[in-house]
Amino acid sequence: MAKNLVIVESPAKAKTIEGFLGKDYTVKSSLGHVMDLDSKKLSVDVENDFEPQYEISPDKKKLVSELKKMAKAAETVWLASDEDREGEAISWHLYNALKLNEEKSKRIVFHEITKNAILHAIENPRSIDKNLVSAQQARRVLDRLVGYELSPLLWRKVKPSLSAGRVQSVAVRLIVEREEEIKNFKTTSAFRTLAEFRLSEGKNTTRFTAEYAERFKTFEEAKSFVENQAGAAFEIASVEKKPGKKSPAPPFTTSTLQQEASRKLGFSVANTMRVAQRLYESGRITYMRTDSVNLSGQAIGAAKAEIESLYGNEYVKIRKFTTKSKGAQEAHEAIRPTYLNQSSISGSREEERLYQLIWKRTIASQMSDAVLEKTNVKIKSSEAAKMFVANGEIIKFDGFLKVYRESLEDTNEEKQETSLLPPLAKGNPLTLMEMKSVETFTKHLPRYTEASLVRKMEELGIGRPSTYAPTISTIQRREYVVKESRPGEKREIRNIILKDGQVKEKITHENTGNEKAKLFPTDIGTLVNRFLLQHFDDIIDFNFTSSVEKEFDEIAEGKKEWNNIIKEFYGPFHEKVQDTLKNSGKFSGEKLLGKDPKSGKNIYVKIGRYGAIAQIGDTDSEEKPRFAGLQKGQSLETITLEEALKLFEFPRSLGAYEGEEVTVAIGRFGPYVKHNKLFFSIKKEYNPASLSLEEAIQIIEAKRKAEREKLIRSYEADPDVQVLNGRWGPYLVIKKQNYKIPKDRDAASLTLEDCYAIAKDPKNMPKKRYVKKKK
DNA sequence: CAGTGAGCGAGCTTCCGCTTGACTT
């Protein structure tokens, strides 16, 4: 057994470090936290100074006992978890879980995974920083108290299984409020007038575009302006040249990597992290969960050498970037290639593309500025009060743009038009080729994508690199928000065109409101947000996290006691929870839509136990109300009385088939046809509202046919065994238990013995995915 | 997810932040 045991957080890191240290060192990883609060209980003693009740995490029991054994045999245990709040707590928990003591254990930290940095760290050990551990404890306890008191309140007042928390509830709030802004946005239009010119004299026939400095509010104004330009004379009034420059973006952090991979490669946030993880594990890139833009000295040196050899010395510019995002803890480097001399790697297509993006961004960050020349030209018309303006931009030196250009963020701002300008001088007469006044509409703020939501959260200091992707998944899994693409609508655009001395009007079309993979709030998300805003606006305040972070910092500095901070928060918070529990009724978002014209009963929509429902009749009337679930795509916000009434037309009888009644209805899994106690789901091609008996029979017969073809083999000797054809190909059933059939076996020729053998092999057991919700 | 879908109603659900797992049916 080695004399020294070093414990880091990640296995990939452990492997690298073991290579640096001699045979006297064994390097192991803790795989993150090893202790946590029991998830089944509150596990915080609110009566007793908020003492947290930690336990060894169930999935870490084996690992901890293994580490304990190794620690016992070792002379010294080096606790080398990351140098931040969470890392310090991990070391402290290891210290306790492994039953270490002061003499036997040492705390070390390093910022670079190089031999020198590790050796230096080992020469300069320290002890565990208890204040930093207390700060982590405060963070942990606060999140538990908020999450585990608010969530059950939601179960009681809104709907079971919901959740709320310091981070996720703010993420949902951002999406809900953006949607409200969009709903309240009033589109207006104005007429932009663009003119295409060329020089009247000389050989250069390059055309260029200029925009008139005023926008017209009405079609009439625009039209009379354009008409007046028909006989006008144009000349260059001024030419102004200004130098400009562009600088490269800093190297990637988790958040910026997620944004760029989304914009440039179309990756979801979760996918980016999955691919980056693989690159990290295969030693291609540095750690992918980081908020640091810092590059190690070694990396900068390698980047410099690479740029020099690829593009030349004039393209090198060494830069030190500093992190400006709130609450950054900087335990790691920026995300960069491990070996900068590899501009590409071989792997899966996704790995190759993501790697290349990281390589380019890192290299570009150490390259020269791009040098630009911006030209602003003003053009005078003899018949107009204001000027036409043209903007040009030429790149005099490309610098970092040779390698990488950051994608533009999706905003509602119009991009300024620039065009390539011919050489122009003051006084040059111009010939008007064409003039167009085009109706343009104002745009609402864009909806969030996964990646732009992460950007916003980082800006607000909410969440951490390790939680961005999981948080985005959580709010979708809870059905607070949905990621969707929606087609836009066609919109008419009025154009006024002046060409060859004639003014014409023309209608063109544009597609507007088209959304791709954007986040939309659901009814539940909107309702929960409204509830939290009404009762706990302080918790979902955008500044809540940053203000508690300040307090955590003071705990870390030893200026405050962690349990006092929690006490100050918990008192009023808990009281509000109790008060809401007692004095506030069900929060269902109930809305009266109108009256049923037939019965005169009220029609409501609201959120029920399983989601959005419509209700006909009043709860307190003698006759019980009837309920019907809303269809996919319908929402409390937008459903009309007519649509709600239609929901009550189910179940509907279509007539008889084979002497049995055929009905159509809508269930938990969508519309279905019922016949002779059997269910047949209705595919999207059919409309359940207008389904005819003929169509229903088609559906029934199609399913029967599939059923008939389902049986591949059965065996007389054992009727419990069947080989069936399912949605994913052939499978085996023995006594209602399903088994996979290995790919190299021919399903149709399996003997009964083969079937038993297949069933015995545990590899063929169906995977029980973590199906938490059974029903 | 290898068949589901309605009435009863007990028991369950939940946070954030560290890390990878064992697979893709």
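Chain letters run A, B, ... following the sequence lines, proteins first and then strands; every chain starts at 1.
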Separation of the [atom1] atoms in [N] and [M], to the nearest angstrom:
N: B/dC1; M: B/dG21; atom1: C1'; result: 23 Å
N: B/dT25; M: B/dG5; atom1: P; result: 27 Å
N: B/dG3; M: B/dG7; atom1: P; result: 24 Å
N: B/dA2; M: B/dA6; atom1: C1'; result: 24 Å

Rounded interatomic separation in angstrom, taking [atom1] from [X] and [atom2] from [N]:
X: A/Gln277; N: B/dC23; atom1: CD; atom2: P; result: 17 Å
X: A/Lys40; N: B/dT13; atom1: NZ; atom2: C1'; result: 9 Å
X: A/Arg278; N: B/dA22; atom1: CZ; atom2: P; result: 16 Å
X: A/Leu94; N: B/dC18; atom1: CG; atom2: C1'; result: 11 Å
X: A/Ile462; N: B/dG17; atom1: CD1; atom2: C1'; result: 15 Å
X: A/Phe50; N: B/dC15; atom1: CZ; atom2: P; result: 21 Å
X: A/Ile90; N: B/dT20; atom1: CD1; atom2: P; result: 11 Å
X: A/Leu142; N: B/dG17; atom1: CG; atom2: C1'; result: 13 Å

Report task. Determine whether any donor atom in the side chain of A/Arg289 lies under 3.5 Å from an acceptor atom in the base of B/dC18, or the reverse, and answer yes or no. Result ->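 In this structure, the two groups form no donor-acceptor pair.
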
[X] vs [N]: side-chain N/O to OP1/OP2 distance below 4.0 Å:
X: A/Ser10; N: B/dT20; result: yes
X: A/Arg144; N: B/dC16; result: no
X: A/Thr467; N: B/dG17; result: yes
X: A/Arg166; N: B/dG17; result: yes
X: A/Ser151; N: B/dT13; result: no
X: A/Gln168; N: B/dC15; result: yes
X: A/Arg626; N: B/dA6; result: no
X: A/Tyr148; N: B/dT13; result: no

Query raised in the report: Are the ring of A/Trp155 and the six-membered base ring of B/dT13 within the stacking cut-offs of under 5.5 Å and under 30°?
Result: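 Given the distance and angle limits, yes, they stack.
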
Just call it for [X]: base, sugar-phosphate, or nothing, with non-hydrogen atoms closer than 4.0 Å on any strand.
X: A/Ala89; result: nothing
X: A/Gly165; result: sugar-phosphate
X: A/Tyr287; result: sugar-phosphate
X: A/Gly87; result: nothing
X: A/Pro11; result: sugar-phosphate
X: A/Val146; result: nothing
X: A/Leu162; result: sugar-phosphate

Nearest to the side chain of [X], which nucleotide is it out of [options]?
X: A/Arg478; options: B/dT14, B/dT13, B/dG11; result: B/dT14
X: A/Leu31; options: B/dG5, B/dG17, B/dT20; result: B/dT20
X: A/Arg609; options: B/dC15, B/dG11, B/dT19; result: B/dG11
X: A/Ser163; options: B/dC18, B/dC16, B/dC15; result: B/dC15
X: A/Tyr280; options: B/dC16, B/dT20, B/dC18; result: B/dT20
X: A/Glu281; options: B/dG17, B/dT20, B/dC16; result: B/dT20

Query raised in the report: If each of A/Arg477 and A/Ala12 is mapped to the nucleotide of DNA chain B with the nearest heavy atom, which maps nearer the 5' terminus, i.e. the 5' end?
Result: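 Nearest nucleotide further toward 5': that of A/Arg477.
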
Query raised in the report: Between A/Lys60 and A/Ser39, which is nearer to the 5' end of DNA chain B once each is assigned its nearest nucleotide?
Result: A/Ser39

Query raised in the report: Does A/Val46 reach the side chain of A/Leu145, with side-chain heavy atoms less than 4.5 Å apart?
Result: yes

Query raised in the report: What orientation do A/Tyr570 and A/Phe50 show, parallel under 30°, tilted 30 to 60°, or perpendicular over 60°?
Result: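 A/Tyr570 and A/Phe50: perpendicular rings.
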
Query raised in the report: Do the ring planes of A/Phe531 and A/Phe587 sit parallel (below 30°), tilted (30 to 60°) or perpendicular (above 60°)?
Result: perpendicular

Query - Counterpart residues, salt bridge (charged side-chain N to carboxylate O under 4.0 Å, His left out), relative to A/Lys130 (two or more places apart) - result: none

[X] atom [atom1], over 12 foreign heavy atoms within 6.0 Å:
X: A/Lys60; atom1: NZ; result: yes
X: A/Lys157; atom1: NZ; result: yes
X: A/Glu479; atom1: CD; result: no

**Report entry** Cation-pi check, A/Arg144 onto A/Tyr148 ring (under 6.0 Å, within 45° of axis)
**Finding:** yes

